[in-house]
Asks: 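Let me begin by handing over the structure; questions about it come next.
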Amino acid sequence: MTGVLSAKGHAVPDRAAVRAHLRDNLRFYGAPTAVVCHLPGNAVPGTFLELGLFLQNVMLGLVARGLSSCPQFSVAGYGDVLRANLGISPDRLVVCTMAVGYADETAPVNRFVPRRAGLEEYVQWRE
């Protein structure tokens with residue numbers, strides 16, 4: 001989160017900056033559309049992979065149409081609130097949400113590019 005807060009102009013992230021960022025996150029960063037992804041409460045582990053692949057394809061399709069998106073796991077921590085306000089059955093597991101809209105290219109945070117781990121940091125080759 002430090003890199004994102006830095007991109008937002010907070011040289012030294014403080015509690016207020018962190019709270020403001022989390023509030024933005026819970027407001028879907030002002031996006032006009034939010035997608036709520038949920039699965040049956042008894043979903044098997046492979047189902048989560050399928051949902052991830054589905055989301056990736058949705059995100060690629062959005063880019064092809066000139067839209068941006070931001071997948072959000074933290075909002076799923078409020079599954080009870082989402083279920084109650086959106087009429088989602090209590091037996092459904094809220095997995096994640098995704099903010100969808102046109103990126104504000106003038107916002108410094110949208111120019112933030114996180115460091116990507118090198119292949120050697122997460123792959124171990126065996127012969």
Side-chain angles (χ1 to χ4, degrees):
M1 184 181 306
T2 302
V4 171
L5 292 173
S6 232
K8 285 183 158 186
H10 302 285
V12 178
D14 58 20
R15 285 187 146 182
V18 170
R19 277 195 310 274
H21 174 70
L22 293 175
R23 203 171 307 113
D24 285 348
N25 181 275
L26 295 173
R27 292 179 180 147
F28 303 101
Y29 301 105
T33 303
V35 176
V36 178
C37 301
H38 50 92
L39 294 170
N42 62 351
V44 297
T47 311
F48 293 87
L49 174 61
E50 291 170 355
L51 179 59
L53 295 169
F54 170 77
L55 284 173
Q56 180 182 33
N57 282 295
V58 168
M59 293 169 73
L60 289 170
L62 290 168
V63 168
R65 295 292 184 176
L67 290 160
S68 296
S69 61
C70 179
Q72 301 166 278
F73 171 72
S74 59
V75 177
Y78 297 89
D80 290 340
V81 174
L82 292 168
R83 281 190 289 276
N85 286 283
L86 299 175
I88 299 171
S89 177
D91 65 339
R92 303 291 291 182
L93 175 64
V94 175
V95 178
C96 66
T97 59
M98 185 167 55
V100 177
Y102 293 98
D104 177 358
E105 300 300 336
T106 65
V109 71
N110 286 333
R111 290 189 291 278
F112 171 69
V113 178
R115 183 188 86 74
R116 300 291 185 208
L119 191 62
E120 66 283 352
E121 293 180 59
Y122 62 90
V123 172
Q124 188 175 42
W125 302 101
R126 299 280 185 196
E127 291 187 28

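Here, residue 1 is the first one in the sequence, and each next residue gets the next number. When reading the values below, keep in mind they use all heavy atoms of this one structure, side chains included, and skip hydrogens, waters and symmetry mates. If you're wondering where the values come from, they're calculated on a predicted model, not measured in any experiment.
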Asks: How many angstroms lie between CZ in Phe73 and OG1 in Thr97, if you round to the nearest 0.5 Å?
Replies: 10.5 Å

Asks: What's the separation between atom CG in Asn42 and atom CZ in Arg92, rounded to the nearest 0.5 Å?
Replies: 9.0 Å

Asks: Answer yes when Arg116 and Glu121 have at least one side-chain N-carboxylate O distance shorter than 4.0 Å, and no when they do not.
Replies: no

Asks: Return the set of residues passing side chain to side chain contact (heavy atoms under 4.5 Å, CB included) with Leu119 (not counting sequence neighbours), or none when no residue passes.
Replies: Tyr122, Val123, Trp125

Asks: Could you report the tightest heavy-atom contact between His38 and Ile88, atom names first, then the distance?
Replies: CD2-CD1, 3.9 Å

Asks: Return the CG to CZ distance between Asp24 and Arg19, rounded to the nearest 0.5 Å.
Replies: 13.0 Å

Asks: Could you pull out all residues at least two apart from Leu26 that satisfy side chain to side chain contact (heavy atoms under 4.5 Å, CB included)?
Replies: Val75, Tyr78

Asks: Where is the tightest heavy-atom contact between Gly101 and Pro32, given as atom of each residue plus distance?
Replies: CA-CD, 3.9 Å

Asks: If we only count heavy atoms from C-beta on, is the Cys37 to Cys96 side-chain gap below 4.5 Å?
Replies: yes

Asks: My understanding is that a hydrophobic cluster links ILVMFWY residues whose side chain heavy atoms are under 4.5 Å apart, including indirect links. Using that, what else belongs to the cluster containing Val58?
Replies: Val35, Leu39, Phe48, Leu51, Phe54, Leu55, Met59, Leu62, Leu67, Leu93, Val95, Met98, Val100, Tyr102

